[in-house]
Amino acid sequence: MDGKSIICSTDAMQKTGKIAIEEHWGNQELNDLRTEWGKRTGYAVTVDPKAIAYSFPRMLDFDKFRLPSMDEFGITMQVISTGSPGVQGYADTRKAISRAKALNDAQAEIIHKYPGRFAGFAGLPTQDPKAAADELDRAVKQLGFKGAMIQGSTNWEYLDENKYWVIWEKAEALEVPIYLHVQEPSFATAKLYEGHPELTGATWAWGVETATHALRIINSGVFDAFPKATLILGHLGEALPYLLGRLDEGFFMAAKSGRKLNKALSEYIRSNLLATTSGLYRPETLLCAITAMGEDRILYAMDYPFVEPKASVDCFMRTPLTDEVREKISHLNAEKWLKL
Ligand code: MN
């Protein structure tokens, strides 16, 4: 399919009202945290600052760039969250707990300032899983947030570990999703990327890390224990929709590992996962995700301000979809899953 042959006019882009759900904001504290976290972990630079110069003035801004671009491209609402590493970047647990509260409160103020235009995903201090569950409860009940975004692992400990199940239990009880955002790969994979820094970051390593994290969560039995819990992945499911058959085949071959699940891996992906359109993609990739996961489980997202609105909307509007499916992905699915 030559996606470029189907270009929509700005008019058509505006007409399809969209709720975008992986949209980031930042402040000086979060910028400093990213620098400090990069130095501490050795993952200082996987993105060339020049390549994403567009994003820097837009992270903190709401009035000058963000709202006008939302109006221009028909984004009725952004569900906002901090950028990576967010609360997961704090080395000190007590600090993570107190700053998560402060950052969520600051985010709530932004949402309050622009009625109807923004909703939020909470940052959670996973450094203390019980405190993270408590903060999710507070953020949903008191601040009105629609779920949480966890910025990947916490010092390369993953959310399948039993100590984190209290977060899944709370998310299920509150009926809110957990959005698993991309993050740098574990140090254990350093050899794999040796000599190829261009494969770290968004090119490849973030997606592999995040998809593997999601499979760890599924395979640990989280969704057998909490069948109504929902996990959201960005970037059209971080390639998992493409691999449903292979995952089931491989799991069957690995059965001697003794791991027991109630359902096939692909069934969890079709019953407990949602995927968003964040990032840039080809129309055939979106069509694969819709076919694999179902038209009710794909939600629009942009990854603002790391992706320019026009480029994101171009990807979406170039994809041939029925009006009914386009409306679901644009906003109906978000309204349903996030109770907007
Ligand atoms: Mn993002």
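Just so we're clear, the structure is a prediction, and the values are computed from it rather than from any experiment. Ligands are counted one by one from 1 in listed order, and the atoms in each one are counted from 1 as well.
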Worksheet item: Is E36 salt-bridged to K39, going by a charged N under 4.0 Å from an acidic O?
Response: no
Practice prompt. Write the atom name of the N, O or S atom in E22 that is nearest the Mn ion (ligand 1).
Written response: OE2
Worksheet item: Yes or no on side chain to side chain donor-acceptor pair (under 3.5 Å) for E238 and H235, after CA distance, side-chain angles and deciding distance?
Response: CA-CA 5 Å; E238 311 294 358; H235 314 102; 2.8 Å; yes
Worksheet item: Which atom names give the shortest non-hydrogen contact between Y54 and P305, and what distance separates them?
Response: CD2-O, 3.3 Å
Practice prompt. Output the atom name for the N/O/S atom of D303 with the smallest distance to the Mn ion (ligand 1).
Written response: OD1
Practice prompt. Give the name of the N/O/S atom in H24 that lies closest to the Mn ion (ligand 1).
Written response: NE2
Practice prompt. Quick one: sort the F118 and Y114 rings into parallel, tilted or perpendicular, breaks at 30° and 60°.
Written response: perpendicular
